[in-house]
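Values below: every heavy atom of this structure, side chains too, minus hydrogens, waters and symmetry copies.
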Amino acid sequence: MRPQSEALVVIDVQNDFCPGGALAVADGDAILPRINGLMTEFATVVLTQDWHPADHASFADNHPGAAPFSLTQMPYGPQVLWPRHCVQGTVGAAFHPGLNTDPAQVIIRKGFRPQIDSYSAFFENDRQTPTGLEGFLRSRGVTALTLVGLATDYCVAYSALDAARLGFGATVLMGACRAIDLNGSLAEAEARMAAAGVVMAG
Ligand code: VGL
Ligand code: ZN
């Protein structure tokens with residue numbers, strides 16, 4: 001068992017990010033056995049769930065004429081327009097049935113405000129609106145995080161970068177993550193994580 005000061009944060013292991021899903025990440029379900037095993041090592045386990053309303057501004061089909069995976073400008077900066085995914089209450093938004101959700105003490109839902117996307121487990125994409133996860137972790141004495149899940153270059157990386165910015169130790173287990181890798185996004189995320197002091201382990 002790891003010390004009480006360490007938590008496992010499992011990012012967005014949902015049907016829509018796994019093979020057959022609306023925004024499938026190649027091999028996304030391959031990480032399930034490892035994540036289920038890791039959960040037994042940590043006293044604090046957090047799950048996140050991408051949880052969008054149907055009219056969410058990150059969906060390409062809510063922008064007439066816009067192609068999926070194209071870029072648009074939002075008040076908070078550039079935003080990729082994604083295929084419709086993880087709509088609240090749908091099968092696509094549910095956790096993959098192979099994920100053991102029993103050990104988790106808290107589920108952080110994010111991306112539920114129609115006008116703002118949320119990749120990070122800590123903040124919306126404006127980098128200011130909190131999810132509450134920081135307070136949850138601090139009040140339990142957690143100082144170091146191990147992050148796993150989907151997708152390496154978006155929600156995992158944004159969560160790890162915010163964790164480091166907030167002063168938590170942050171380790172991403174790259175073998176327990178899979179990436180979307182859109183236009184070099186994986187290499188960029190790795191460079192940003194390295195520069196921020198995020199540890200990338202196997
Ligand atoms: C994610 C794109 C859109 C993720 C979520 O979980 O990495 N990526 N929404
Ligand atoms: Zn999303």
Side-chain angles (χ1 to χ4, degrees), residues 10-32 47-99 108-129 131 147-162 172 174 176-196 198 200:
V10 180
I11 305 286
D12 296 3
V13 182
Q14 295 167 259
N15 287 321
D16 269 345
F17 297 124
C18 290
L23 181 42
V25 179
D27 232 15
D29 54 351
I31 62 180
L32 285 161
L47 307 180
T48 70
Q49 200 170 20
D50 211 34
W51 197 248
H52 299 309
D55 61 348
H56 198 253
S58 80
F59 295 166
D61 62 7
N62 287 330
H63 300 256
F69 304 106
S70 63
L71 264 185
T72 191
Q73 278 301 318
M74 297 287 197
Y76 51 84
Q79 167 73 49
V80 178
L81 292 176
W82 300 108
R84 173 174 294 271
H85 65 279
C86 296
V87 175
Q88 295 170 6
T90 63
V91 172
F95 291 113
H96 188 287
L99 181 72
I108 296 286
R109 287 177 167 167
K110 59 188 181 62
F112 50 78
R113 293 181 178 85
Q115 293 308 321
I116 182 162
D117 207 2
S118 186
Y119 295 148
S120 165
F122 290 96
F123 296 100
E124 309 277 334
N125 281 8
D126 64 1
R127 317 291 276 170
Q128 287 177 22
T129 308
T131 62
L147 299 106
V148 298
L150 305 170
T152 321
D153 41 347
Y154 286 95
C155 292
V156 176
Y158 275 66
S159 299
L161 289 166
D162 279 345
V172 174
M174 300 297 278
C177 301
R178 290 294 184 275
I180 295 173
D181 204 10
L182 181 64
N183 301 322
S185 57
L186 179 58
E188 188 187 326
E190 287 176 347
R192 289 178 63 196
M193 288 194 283
V198 174
M200 284 168 275

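The distance from atom OG1 of T72 to atom CG of L81, rounded to the nearest 0.5 Å, is 5.0 Å. Note that CG of D12 and SG of C155 are 4.5 Å apart. Values are rounded to the nearest 0.5 Å. The OG1 atom of T129 sits 15.0 Å away from the CZ atom of F122 when rounded to the nearest 0.5 Å. Rounding to the nearest 0.5 Å gives a distance of 11.5 Å between CE of M174 and CD1 of I31. Rounding to the nearest 0.5 Å places CD1 of I11 at 15.5 Å from OH of Y154. To the nearest 0.5 Å, atoms CD1 (I108) and CH2 (W51) are separated by 14.0 Å.
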side-chain contact (heavy atoms from CB on, under 4.5 Å) assessment of D117 paired with E124: CA-CA 6 Å; D117 207 2; E124 309 277 334; over 6 Å; no
side-chain contact (heavy atoms from CB on, under 4.5 Å) between Y158 and R127, worked out: CA-CA 10 Å; Y158 275 66; R127 317 291 276 170; 3.3 Å; yes
Criterion side-chain contact (heavy atoms from CB on, under 4.5 Å) on L161 and R192, from CA distance to verdict: CA-CA 8 Å; L161 289 166; R192 289 178 63 196; 3.9 Å; yes
Residues W82, I180; criterion side-chain contact (heavy atoms from CB on, under 4.5 Å); working and verdict: CA-CA 11 Å; W82 300 108; I180 295 173; 4.1 Å; yes
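Screening residues 15-24 for salt bridge (Lys or Arg N to Asp or Glu O under 4.0 Å) gives no qualifying pairs among residues at least two apart or on separate chains.
Side chain of H63 to main chain of A57: a donor-acceptor pair is present (N/O by atom type, distance under 3.5 Å, no hydrogens or angles). Using modelled atom types, one side-chain atom of Q49 and one backbone atom of A93 make a donor-acceptor pair closer than 3.5 Å. Looking only at distances, no side-chain donor or acceptor of D29 sits under 3.5 Å from a matching main-chain atom of C18. Put simply, the side chain of Q14 never gets that close to the backbone of C86: no donor and acceptor are under 3.5 Å apart.
In this structure, the side chains of L32 and L99 come closer than 4.5 Å at one or more pairs of heavy atoms. A 4.5 Å side-chain heavy-atom check between V172 and M193 finds at least one atom pair inside the cut-off. In this structure, I116 and M74 have side chains that are not in contact, with every pair of non-hydrogen atoms separated by 4.5 Å or more. A heavy-atom distance below 4.5 Å is found between the side chains of Y119 and V80. Residues N62 and R84 meet the side-chain proximity criterion, which asks for heavy atoms closer than 4.5 Å. Between D50 and K110, some side-chain heavy-atom pair lies under the 4.5 Å cut-off.
Results of the side-chain hydrogen bond (donor to acceptor under 3.5 Å, both in side chains) test with H52 over H85, Q88, R109 single out H85 as the only residue that passes.
Across all non-hydrogen atoms, the minimal contact from S118 to F123 is OG-O, 3.5 Å. Here the shortest heavy-atom pairing between P83 and A22 reads CB-O, 3.8 Å. The two atoms that bring G111 and P53 nearest to each other are O-CD, 3.5 Å, heavy atoms only. Shortest non-hydrogen contact noted between D153 and L182 is OD2-N, 4.0 Å. Looking at every heavy atom in both residues, A160 comes nearest to V198 through O-CG2, 3.7 Å. Of all heavy-atom pairs spanning P19 and V25, the tightest one is CD-O, 4.1 Å.
Scored by the side-chain hydrogen bond (donor to acceptor under 3.5 Å, both in side chains) test, N15 finds no partners at all (sequence neighbours excluded). For N183, there are no side chain to side chain contact (heavy atoms under 4.5 Å, CB included) partners, not counting sequence neighbours.
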